[in-house]
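Because only heavy atoms are used, hydrogens play no part in the values below, and waters and symmetry mates are left out as well, while side chains stay in. All residue numbers refer to positions in the sequence shown, counting from 1. Ligands are counted one by one from 1 in listed order, and the atoms in each one are counted from 1 as well.
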Amino acid sequence: MRKLILAGNWKMNKGAASAAADLARGVAAEVGSVSEVDVVLCPPFTSLRPVVDAVKGTRIAVGAQNMYPEDSGAFTGEISPLDLLDCGCKYVILGHSERRTIFKETNEFINKKVICALAKGLIPIMCIGETEQERVDGKTEAVVENHLKGGLAGLTAEQVQTVVIAYEPVWAIGTGKTASPDDAQAVHKFCRDWLTAAYDQATAQAVRIQYGGSMKPDNAHDLLGQPDIDGGLIGGASLKVDSFVGIIRNSGAL
Ligand code: PGA
C-alpha cells in the first residue's frame, strides 16, 4: 500500500525565521509523531534551517520549493541541491505551475532538475497539471501526459518509483475551486495508467500521486479517499496549524 504524503507548500510566505519556526513547531506539536502518513513542510529557502531545527526529533520531513540542477557555480540567485541537503532537506518541489508560468520553466529544464535531484539523493515532488482553458478545450489528458513524459524522460523504473507526482490543476490552485473527487481521481488514474504503459505495473503502483489545488480540512477526506490519490500538496491551508493539521487528521489514515 502506498503511504499518503501530505506536504505543505508555503510558497513565498513565512520566510522570516521566527514565523516559520512557530508554524513548524505548531504542526510538530500536533502531528510530529504521526507515522501513518508522511508529513512534509516546504518553506522558503531562508527558513529551511529554522524549520529543520523546529521539527528535529519528530517524524516531519522538510522540503525546498525549487533548486538549480548544478552543484555550484555562476548561477546568480539559484540554489544548489547540495546546499538543500546540507540544510537538512529530504524533498524538493519541482516544476510547480507557478514556476512553469511565471518563470517560464520548460519540461526539459524540469527534467534536468528531476534527474539531478535524484542523483543527489533528494526526493522530487514533480508538479503537473492543466490550465482552465486547457481543461475547457478537452486537453487535460494531453497536457498531463506531456508533463509526465517530459518531466520523467530518461528515468529508470527504479528512479520513477522514488518520484512523487503532484497533480495540480492550475485552475484549482489558490482559487478555492477544488477538482471534484471524481474528476481528480480520473486524472490520477490516467497518470497511473500512463506510468503502467511507460514502465510497468509494479512501478505504476509504487508511485505516489498527490492532488493539489485548494485542499482543505473539509474536502481532504473525500479527495484522499480516492484509490489513486496518495496525498496532497497544500498551499494556502498549510499556512495555519489548524487547517494543515485538520487535513492530516481528516486524511482517513490516522
Ligand atoms: P493551494 O495551492 O492549496 O493554495 O491551492 C496548492 C499549490 O500550489 O501547491
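Looking at ligand 1, you'll find an N or O of Gly174 within less than 3.5 Å of one of its N or O atoms. Annotation: Thr175 places no N or O atom under 3.5 Å from an N or O atom of ligand 1; distance criterion only.
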Residues Glu130, Tyr167; criterion side chain to side chain donor-acceptor pair (under 3.5 Å); working and verdict: CA-CA 9 Å; Glu130 83 287 0; Tyr167 168 60; 2.8 Å; yes
Evaluate salt bridge (charged side-chain N to carboxylate O under 4.0 Å, His left out) for Asp182 paired with Lys189, printing each intermediate quantity in order. CA-CA 10 Å; Asp182 286 350; Lys189 168 92 168 52; over 6 Å; no
Side chain to side chain donor-acceptor pair (under 3.5 Å) between Gln133 and Trp171, worked out: CA-CA 9 Å; Gln133 192 58 50; Trp171 48 271; over 6 Å; no
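The closest approach between any non-hydrogen atom of Ser214 and ligand 1 is below 4.0 Å. The shell of residues lying under 4.0 angstrom from ligand 1, judged by heavy atoms, includes Ala172.
Counting atoms of ligand 1 from 1 in the listed order, those under 4.0 Å from a heavy atom of Gly213 are 5 (O). For ligand 1, the atoms closer than 4.0 angstrom to any heavy atom of Lys11 are 2 (O), 7 (C), 8 (O). Ligand 1 places these atoms under 4.0 Å from at least one heavy atom of His96: 7 (C), 8 (O), 9 (O).
Nearest-residue assignment for atom 7 (C) of ligand 1 (options Lys216, Gln210, Lys177, Glu168; heavy-atom criterion): Glu168.
Without hydrogens or angle criteria, Glu30 side chain to Gly26 main chain gives no donor-acceptor distance under 3.5 Å. A donor-acceptor contact shorter than 3.5 Å links the side chain of Lys113 to the backbone of Met67. No side-chain donor-acceptor contact under 3.5 Å links Arg208 to the backbone of Gly231.
For atom 3 (O) of ligand 1, the nearest non-hydrogen atom of the protein is Gly235 N, 2.8 Å. Protein heavy atom nearest atom 4 (O) of ligand 1, with residue, atom name and distance: Gly236 N, 2.8 Å.
Between Asp22 and Lys14, none of the side-chain N atoms (NZ, or NE/NH1/NH2) sits under 4.0 Å from a carboxylate O, so this pair counts as no salt bridge. Salt bridge status for Lys90 with Asp38: absent, with no side-chain N to carboxylate O gap under 4.0 Å.
Residue-level proximity to ligand 1 for Asn9 is carried by the side chain, the only part with a heavy atom below 4.0 angstrom.
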